[in-house]
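Below is one structure, written out as structure tokens; the observations come after it.
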Amino acid sequence: MSEQPLIELRHVYRTFKQGRQLIPVLQDVNLTIAPNEIVCLVGESGCGKTTTGKIIAGLLPQSEGEVLFQGRPLESYRGKERAAMRRALQIVHQDPFASLNPAHTIGQILSFPLKHHKMVSGRAELRRRIWELLTLVDLTPPGDVVNKYPHQLSGGQRQRVSIARALTVQPKLIVADEAVSMVDMSIRVSLLQMLHDLRDKLNVAIIFITHDLALAKYFAWGERIAVMYLGRVVEIGPTEQVIGNSAHPYTRALISAVPEADPIRTRSKQRMKLRSEDIPKLTEIPSGCAFHPRCPFFVPGVCDARVPTLGAAEGYAQQVACPPLTEGLGLREYEAAAEAPVAG
Amino acid sequence: MAQNDVVMSVRDLSVNYLTERGPLQAVNRISFELHQGETLALMGESGCGKSTLVMALMRLLPSNARVPNGEIHYTTRDGRVIDVLKMSKGKLRAFRWSECAMVFQGALNALNPVIRVRDMFYDTGRAHGMGSKDAVRERALELFRLVRLDPERVFNAYPHELSGGMRQRVLIALGLLLDPQVVILDEPTTAVDILTQRTIIDVLMAIRDKLGFSIIFISHDLAVAAEMADTVATMYAGEIVEIGPVNEMFYRPHHGYTLGLLEAIPSLAAEAEELVSIPGSPPDLIEPPPGCKFHERCPFAVERCSREVPPLVDVDETHRVACFEADRVIAKARETIQA
Amino acid sequence: MNLGFGAAATLTGLLIGVLCSLPPLGLALKHRLYRPALLTLAACALGGFSAGLWGGALMLVLMSGVVISYAYVDREDPFTSRASIDEVDFSESNWEFSLRKMAALGRTVRASAHALVRNKAGFLGFLGLVFFFVMIVFGPLFIEYDGQPHYYDRLKPGAKTLFQGPSKEFPLGLDWQGRDVLSHIVYGGKNLIRTSVEAGLMTTVIAVVLGSMAGLLGGVVDQALSALSNFILTIPTFPLLVVLAGIITFDNHTYLALLFAALYWPTLMRAVRAQVFSLRERDYVQAAVALDLGLPHLIFREVLPNMISYIVVNMIFTIRGAMYALVGLVFLGMVPVQEPDWAVMIYIGRTRQVIFNARAASMLLSPIIAIALFQLSLVLFTRSLEEIFNPRLRRGL
Amino acid sequence: MWRSYAFRVTVQGLLTLWAVTTFTFVMIRKMPGNPVEVVIDQLIDRQQLSYEEARQQAAGLFDFDPGQPLIEQYADYMNKLLHGDMGKSISSAGTPVANQIKRYLPWTLFSVGSGLIISFTLGVLLGMAMAYWRGSVFDNVLTAAASLMYGIPDFIIALLLLLVAGVQLKLFSMEDVLGGVGQDVHAGLNLPYLKSVVQHAALPVITYVWGTVGGWILTMKSSTISTLGEDYIMVAKARGLPERRILTAYVGRNAMLPLVTRLAISIGFVVGGSVIIEFIFQYPGLGRQLAMAIGTRDYTTMQGIFLVIASAVVFSNILADLLFGMLDPRVRVGGEE
């Protein structure tokens, strides 16, 4: 990519304190997002995708490593530049019921950032801008919602307001953290399509965080997907490749496990058998590749010996963190996997 | 009885909630039959009445709910037919769990946090005269093995010591303790991770085939229904708008809402796809719209839909739909869905 | 001439009130809003009468808002237009803008009034508080304070004995010196209530400031404040007050209130801190942080509006606690006796052994019932407060 | 984790206790109107002593030498305290404060303690019943009654009891209810004595119950209501468990959890929360003694009683923390949030 990345994570670590224990939530995460790009972060609960999103949005400092915005570390921004940088990075949360302050009307919620950052001059322009924003997120006519309180709107409408609020400050990047998972499925798609349209119209990049592979595939078609497991990115690359020609055994396991809304196909799908169904606790992350105790392609002495880093693998266009693949050993089913699955 | 293997037959069942603004029609004139060993999936979005319906089947409705009309007939293994809605309190208590058990969403707190898992099994066993604690224990450990849990450890654990997926499986085991004929599953795979969801689906299907009970499960996830169900019913605004065998429903939908849902679900297997969402939002159930409740959001709606309520009519022996424009829907479905 | 609080409960005050009612009244009549017009007149007159220019002006603003909110309903809002953005006119004159703001204020007032009336227990409490307010402010207009002792040789005119039960002439009877109990009730609540309210206000201010500091800043500040509050919470408050009273002389009511505040703040502070902590994690606060709206916005726009009912309810309970402690101190004789005062009436009842005098019942029961009623009103009133401050309940306006 | 949790809680409590002791110590010595000077003045006044003589006598009374530097006094005081010596009373010259406390504490413990037990039991039972039959006449009447009781301060109730039931209606004679025990009975395990004790404690106990039961009722009701809404109650019903079992192990136990902590904390206030009530009923408890000590400027007694009250609160807080850990398995294992 000749263009300078919008956001770059370099060896980012994040730990949380729980009692006296330190819990590593993110380990050595490297990620670049180009302007106007869509990247999906996919993974199960506890894989660190939300933490990554919060760090990118500037809501959480990293414990170690660097986060660069347009080539400079976030911490190096000062004064006006810092304010502009903060505004450029916005977040849309998962829960439409918690993301809007119940004490204010929709009009007020949108006017606070517009007024505070002097994005508009004068009342007429303020109201014009609110009208514009509400139309932009398909809340038409705006008069139906502008004077309402959040509790008077449906979940989908609220999520649109959240997006409009993020747009008030003309961001360059929006982190959408499970932004549609609590919305009814019949209207999810329209929200996703709206986000796509906004990306095209307003030239923003979107980081879309989800646990739903099919949704990620739909949203990031033609873009990139990163799969995370226990605080690390295990596979990243073009969506068509990651989904259609997955490299990492974990990604393969996920894809084989997902049921499909197609009775014949879903019943005839090949399921991958894991060696263990237990997800390790974050306090006891296995050595080497964190997936090795469950991985059916486990190679003793390789997978549990060294922590894999993302790299190219033969036959795959994406990057993958799997020693047998990156070191050219290839995947061979582990003998024990043929036996009965281990009880949970 | 027309068919001998019907275990549960629901006719014309309605449930209203009393609210400040007036009665809310949560379930409206629903009828269906559940056969032995059949898995029936009730599909629908939040607020469509699916939870209310299954609560009514076990008479677990909250105190502000009323059942103005309807019948629920249950056939026991020895052929007796029970009217669930007319049962006395004592008989109802015996009916619950031993004939018809329910698996609640395990990620929420469906297990009493202050007592051990084993005590919940003992309680249930004692309440239904299962004999000694040892008998309960033996059965529980056997069930734990079936649902792929470490029997001894889980049996003596407190709920908070178990992960979400494990709790869900404990609930499944608890539901099967008394070998019921019907098991109701409430969103069994919602809010659990993908790989855990896979385990639960596999476990459920394996023990269903082994023990031979019938399942009614409610979910908003079409994919799970596609995988597990024999029969699928779509619910919209308190009504069953379409019901039929799983392949019929997924490949030959006759109702605009069923088709709409199918067109809104992304698939992993497909290449780049065109998805369409259903415009608008579900209607107010206190003052529902006249005619077909879906007509305001339906691309197939004609003038008649806003006047008359479409009756549930047979498409064929097993497939029924409540839509005036079913022909146009199926024609459209043939274009978009390739089986 | 004094037009401020000095004009309270005088003809001037009433006149101020009526004058203040004229603008909204005129507007209401012009729009044929007769019920609001009547309410306006009553509210403004009462406001002026009870607090002079301050009350009158406040009512003038509030009632204008109410009237405008009725009259403003049909006004066209550009947001409702379905035309394209270039065809809609968003400009608004200052006059229209202030009208819109006034109408919003009026709607809030109306919603609060509805919420107040909706909860029966809360409304009862409100009426109780209004009763005491009216009694303290307007009582002196009609009842003269009877502070001089009367003795058997010169009984109060119209009295038969020193301790006289309720009669037509003396509705609450006479006390141990033959003085009119009613007058002591009317005059004796002011200091007690004022000190309690001051204590409640000070406690709330201290608790909210420290609690928000602990919650928002965290770290060392939080730990230090938590340790301090834990320490104070461990000390039994009332015995400490009693001990302190043995050492210091409480002759200044504001000092006393301050002392209460110094001992009572930890409970509320911990609650505020916990609330701030939980609110800080809310998504909408996080969004405000991401939008870089600044600390004042976070405190005053995002956090406080969602805590206000909680804080006010707690303040009322603190007022209640302060009054309890105050009466207790007086009862034990730990505070210099200053008449007229409800608590002092009970204290005298105890020290003069009239507790056991069956005829003195009225003199003792009157302040007891007054205190009980006031405290009960406070507790009941809190029921309405939650509804008043909850935006979810402001529907349909 | 559980061990260290208990340890942490205990250490915190002891630290607080130490802080309270030091605070009282400094307060009594450094507050305006120096109590030592007050006593010296009194002695000069009453016994016509010279200042030096009075100072020495006062020092004897106070059990510390006001002339010493504060830090030495403090070391001395703490040393004695650790050996269970709380000094001697000033007003009833020579009686060790510890003895006085031993004499008055049982009365307070008996009256407030039984009040607390009755009040808690009543509150829990009624609150739970009200939550079960929510919206019924029974619930509405009791809710109103509970708010009423909760709204009125306890000493007001005590006075009303005396005035209305005693003085006006003459339901009992003052001799039978005021004080700790009748004068014509001999202390010991005999029936007349016990009867007299119970009779005299009746009014204070009724007052405590009246003043606190409303709070227990309302808390238990709301706690039960929120428990009844939990999924596991629904599951228990679906499992066909008998009502009684659901009521005890499922609803009761979970609904009681928040109340148990409050009960433990209340136990701490049993010792000190009764000054006014004991005063009104002339009940020979610790609270009344504290008030008397203040009235007579008996600083050593004051300090001693205060310390007892504060330690009771500290220990009950520790108890509350530990008890909660025992009842709720989630706290027991995790120990952290």
Side-chain angles (χ1 to χ4, degrees), chain B residues 18 51 54-55 57-64 87 89-117 119-130 157-161 167 170-171 174-175 177-178 180 183-184 186, chain D residues 1-2 5 128-140 223-261 323-337:
Chain B
L18 306 178
S51 298
V54 293
M55 289 297 173
L57 296 183
M58 288 193 78
R59 280 185 52 191
L60 281 170
L61 291 168
S63 57
N64 67 336
M87 236 186 287
K89 258 196 172 175
K91 281 193 175 156
L92 180 66
R93 202 172 65 68
F95 165 80
R96 284 176 182 166
W97 224 254
S98 61
E99 296 289 349
C100 179
M102 186 157 177
V103 178
F104 292 79
Q105 242 186 77
L108 302 172
N109 55 1
L111 294 169
N112 185 352
V114 298
I115 65 178
R116 289 176 198 273
V117 168
D119 290 317
M120 283 176 249
F121 279 85
Y122 290 148
D123 277 348
T124 316
R126 187 161 357 108
H128 294 278
M130 234 185 107
Y158 280 104
H160 68 94
E161 297 165 348
R167 259 180 270 176
V170 167
L171 281 166
L174 186 58
L177 181 68
L178 304 167
V183 176
I184 297 173
D186 181 1
Chain D
M1 205 64 209
W2 157 235
Y5 170 70
M128 216 161 131
M130 282 154 73
Y132 245 81
W133 292 294
R134 188 148 50 125
S136 67
V137 181
F138 167 74
D139 172 33
N140 287 333
S223 176
T224 310
I225 286 174
S226 68
T227 308
L228 282 174
E230 296 284 359
D231 284 351
Y232 51 82
I233 303 298
M234 173 87 82
V235 180
K237 275 189 203 154
R239 273 152 62 199
L241 297 193
E243 284 281 323
R244 207 169 347 103
R245 179 70 187 164
I246 298 181
L247 207 63
T248 51
Y250 288 74
V251 180
R253 212 171 139 190
N254 281 293
M256 289 266 286
L257 276 182
L259 272 85
V260 169
T261 329
L323 208 59
F324 196 75
M326 255 150 65
L327 287 177
D328 192 338
R330 286 164 291 190
V331 179
R332 196 185 317 168
V333 177
E336 78 262 342
E337 317 244 315

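This structure is a prediction, so every number in the text was calculated from the model and none was measured. Throughout, protein chains are lettered first and strands after them, A, B, ... in sequence-line order, and every chain is numbered starting at 1.
Highest contact tally toward chain D, considering only Leu178(B), Asp119(B), Thr124(B), is held by Thr124(B) [criterion: heavy-atom pairs under 4.5 Å]. Chain D forms the most heavy-atom pairs under 4.5 Å with one residue out of Met120(B), Lys89(B), Arg126(B), and that residue is Met120(B). Between chain B and the options Gly135(D), Ala236(D), Gly240(D), the largest number of non-hydrogen pairs under 4.5 Å is found for Gly240(D).
With a 4.5 angstrom heavy-atom cutoff, Leu174(B) touches chain D only via side-chain atoms. For a residue to count as touching a neighbouring chain, one of its non-hydrogen atoms must lie under 4.5 Å from one of that chain's; by this rule Met55(B) touches chain D with the side chain only. Proximity to chain B is absent for every atom of Ile233(D), based on heavy atoms less than 4.5 angstrom apart.
Crowding of Arg59(B) atom CZ: a count of heavy atoms from other residues, nucleotides or ligands under 6.0 Å exceeding 12.
Scanning both residues, Leu60(B) and Lys237(D), for their nearest heavy atoms gives CD2-CB, 3.7 Å. When every heavy atom of Ala249(D) is checked against every heavy atom of Val114(B), the shortest pair comes out as O-CG2, 4.4 Å. Ala110(B) and Asp231(D) make their closest contact through CA-CB, 3.9 Å (heavy atoms, listed as atom of the first residue, atom of the second, distance). Of all the heavy atoms in Tyr232(D) and Pro113(B), the pair that sits closest is CE2-CD, 3.4 Å.
Counting heavy atoms from C-beta outward, Leu111(B) and Val235(D) have side chains that stay 4.5 Å or more apart. With a 4.5 Å cut-off on side-chain heavy atoms, Arg96(B) and Arg239(D) do not count as touching. Put simply, the side chain of Tyr250(D) reaches to within 4.5 Å of the side chain of Ile115(B), judged on heavy atoms.
Formation of a donor-acceptor pair under 3.5 Å by the Asp123(B) side chain with backbone atoms of Leu241(D) is not found in this model.
Within the model, atoms CD of Glu230(D) and CG of Asn112(B) stand 9.5 Å from one another, a figure rounded to the nearest 0.5 Å.
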